[in-house]
Enquirer: 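One structure coming up, written as structure tokens, with questions to follow.
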Amino acid sequence: MKYYGTKNNKDYGFYLENFENALEITDEYWMSLLQQQNQGKIIIPYNNNVIAIDEKEYSFENGEWVKLSTQEAEVKQLRIENEIRANDIRAELYELDQKRIRAIAEPSLKDENTTWLEYYNAQITELRNELAEIS
């Protein structure tokens with residue numbers, strides 16, 4: 001047998017010895033939980049049990065886990081994807097700003113009608129518009 005819980009009210013884990021408020025689980029179930037954790041799920045206490053979940057399907061609110069509706073899970077996933085894309089855009093903007101500085105210091109043409117500065121400014125405008133849409 002294994003025991004799942006927290007001894008300090010914040011760090012949850014598996015233990016060999018029983019303690020106050022620990023949840024008892026079988027060794028087989030413990031192995032199953034660990035396998036699911038290796039596949040990217042997280043282990044949580046839920047409804048007086050221990051389960052492995054896909055984090056986008058649950059939310060930690062007021063000190064406990066709550067299962068989200070399908071619509072809430074989709075919104076949460078979209079928020080996560082938007083934040084990842086926003087971070088990517090910020091990194092691209094930083095790189096383009098570096099290139100713009102160089103383009104100002106060393107003016108030259110990208111093609112017959114466009115300077116490098118104009119080219120970078122156009123890319124930056126597109127990225128800022130996308131960032132405004134997802135923020």
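In this text the structure is predicted, and so the values were computed from the model without any measurement.
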Enquirer: Please confirm whether the backbone N or O of Thr114 pairs with a side-chain atom of Asp111, one donor and one acceptor, at under 3.5 Å?
Expert: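 Checked: pair present.
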Enquirer: Quick one: does Asn47's side chain have a donor or acceptor within less than 3.5 Å of a partner on Asn49's backbone?
Expert: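 Not at all, since once roles are kept as given, no pair shorter than 3.5 Å links the two residues.
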Enquirer: Less than 4.0 angstrom from a charged side-chain N to a carboxylate O is my criterion; do Glu83 and Arg90 meet it?
Expert: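 Looking at Glu83 and Arg90, the cut-off is met.
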Enquirer: Counting only N and O atoms by type, is there a donor-acceptor contact under 3.5 Å from the side chain of Lys76 to the main-chain atoms of Glu55?
Expert: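 Looks like yes, one N/O pair under 3.5 Å.
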Enquirer: Transitively linked via ILVMFWY side-chain contacts under 4.5 Å: Tyr3 with Trp30?
Expert: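 Different clusters: Tyr3 never reaches Trp30 through Ile, Leu, Val, Met, Phe, Trp or Tyr contacts under 4.5 Å.
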Enquirer: How about Arg128 and Leu93: do any of their side-chain heavy atoms sit closer than 4.5 Å?
Expert: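 With C-beta onward as the side chain, the pair touches.
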Enquirer: If we ignore angles and hydrogens, is there a donor and acceptor under 3.5 Å between the side chains of Ser32 and Glu28?
Expert: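 Distance-only check fails for Ser32 and Glu28.
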Enquirer: Tell me if the OH atom of Tyr94 is crowded by more than 12 foreign heavy atoms within 6.0 Å.
Expert: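 No, the 6.0 Å shell around OH holds no more than 12 heavy atoms from other groups.
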Enquirer: Say whether Gln39 and Gln35, considering side chains only, have a donor N or O and an acceptor N or O under 3.5 Å apart.
Expert: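 On atom types as modelled, these side chains do not qualify, holding no pair under 3.5 Å.
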Enquirer: Of the non-hydrogen atoms in Leu127 and Leu96, which two are nearest, and what is the gap between them?
Expert: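 Shortest heavy-atom contact: CD1-CD1, 3.6 Å.
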Enquirer: Looking only at non-hydrogen atoms, find the nearest pair between Leu117 and Arg100 and report the distance.
Expert: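 Taking Leu117 first and Arg100 second, the nearest heavy atoms are CD1-CG, 3.8 Å.
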Enquirer: Rounded to the nearest 0.5 Å, what's the gap from CG on Asp97 to CD on Glu95? Could you check?
Expert: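 Those atoms lie 10.5 Å apart.
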Enquirer: Determine, step by step, whether Leu34 and Phe14 satisfy the side-chain contact (heavy atoms from CB on, under 4.5 Å) criterion, reporting the C-alpha distance in whole Å, the side-chain angles of both residues, the deciding distance to 0.1 Å, and the verdict.
Expert: CA-CA 10 Å; Leu34 293 181; Phe14 295 103; 4.1 Å; yes
Enquirer: So, the side chain of Thr6 versus the backbone of Asn8: is there a donor-acceptor pair under 3.5 Å, distance only?
Expert: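 Yes.
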Enquirer: Step by step, work out the side-chain contact (heavy atoms from CB on, under 4.5 Å) result for Ile51 and Ile43.
Expert: CA-CA 6 Å; Ile51 60 174; Ile43 299 170; over 6 Å; no
Enquirer: Let me see the working for Val66 and Tyr58 under side-chain contact (heavy atoms from CB on, under 4.5 Å), right down to the final yes or no.
Expert: CA-CA 6 Å; Val66 177; Tyr58 289 77; over 6 Å; no
Enquirer: Nearest heavy-atom pair of Pro45 and Leu23: which atoms, and what distance?
Expert: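 Nearest pair, atom of Pro45 first, then Leu23: CB-CD1, 4.4 Å.
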Enquirer: Using a 3.5 Å distance criterion without hydrogens, assess whether the side chain of Ser135 forms a donor-acceptor pair with backbone atoms of Leu131.
Expert: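 Here the side-chain-to-backbone pair exists.
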Enquirer: Quick check: closest heavy atoms across Glu112 and Leu109, and the distance to 0.1 Å?
Expert: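 What the structure gives for the nearest pair is O-CD1, 4.1 Å.
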Enquirer: Going by distance alone, is a donor N or O of one side chain under 3.5 Å from an acceptor N or O of the other, for Glu61 and Ser59?
Expert: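 Yes - a donor-acceptor pair under 3.5 Å links their side chains.
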Enquirer: Return yes if some donor-acceptor pair links the side-chain N/O of Glu118 with the main-chain N/O of Thr115 below 3.5 Å, else return no.
Expert: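 Judged by distance alone, yes, a pair lies under 3.5 Å.
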Enquirer: Please name the pair of heavy atoms, one in Leu68 and one in Ala73, separated by the smallest distance, quoted to 0.1 Å.
Expert: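 Answer, listing the atom of Leu68 first, then Ala73: CB-N, 4.0 Å.
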Enquirer: For Arg85 and Glu130: C-alpha separation, side-chain torsions, deciding distance, then whether side-chain contact (heavy atoms from CB on, under 4.5 Å) applies.
Expert: CA-CA 9 Å; Arg85 179 62 185 140; Glu130 183 182 351; 2.8 Å; yes
Enquirer: Thinking salt bridges, do Lys67 and Glu72 make one under a 4.0 Å N-O criterion?
Expert: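 No salt bridge links Lys67 with Glu72.
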Enquirer: Tell me the closest heavy-atom pair linking Lys2 and Asp27, and the distance in Å.
Expert: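 Where Lys2 meets Asp27 most closely, the heavy atoms are NZ-OD1, 3.2 Å.
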Enquirer: Side-chain contact, heavy-atom cut-off 4.5 Å: Leu33 with Val50?
Expert: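 The answer is yes; the side chains approach within 4.5 Å.
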Enquirer: Less than 6.0 angstrom from the centroid, inside 45 degrees of the normal: does Lys7 satisfy that with respect to the ring of Phe19?
Expert: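 Verdict for Phe19: a cation-pi partner in Lys7.
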Enquirer: I need the Glu126 CD to Glu92 CD distance, nearest 0.5 Å.
Expert: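 Going from CD on Glu126 over to CD on Glu92, the span is 10.5 Å.
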Enquirer: Is the number of heavy atoms from other residues, nucleotides or ligands under 6.0 Å of Glu17 CD greater than 12?
Expert: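 Result for CD/Glu17: enclosed.
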Enquirer: Centroid separation under 6.0 Å, is that true for the rings of Tyr46 and Trp65?
Expert: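 No - the distance between ring centres of Trp65 and Tyr46 does not fall below the 6.0 Å cut-off.
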Enquirer: Could you see if Met31 belongs to whatever hydrophobic cluster contains Ile42? Use Ile, Leu, Val, Met, Phe, Trp, Tyr and a side-chain cutoff under 4.5 Å.
Expert: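 Yes, because Met31 and Ile42 connect within a single hydrophobic cluster, where side-chain heavy atoms sit under 4.5 Å apart.
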Enquirer: If you round to the nearest 0.5 Å, how far is CG of Asp54 from NZ of Lys41?
Expert: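 Spacing of NZ (Lys41) from CG (Asp54) equals 6.5 Å.
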Enquirer: Under 6.0 Å between the ring centres of Tyr4 and Tyr15?
Expert: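 Distance test on ring centres: not under 6.0 Å, no.
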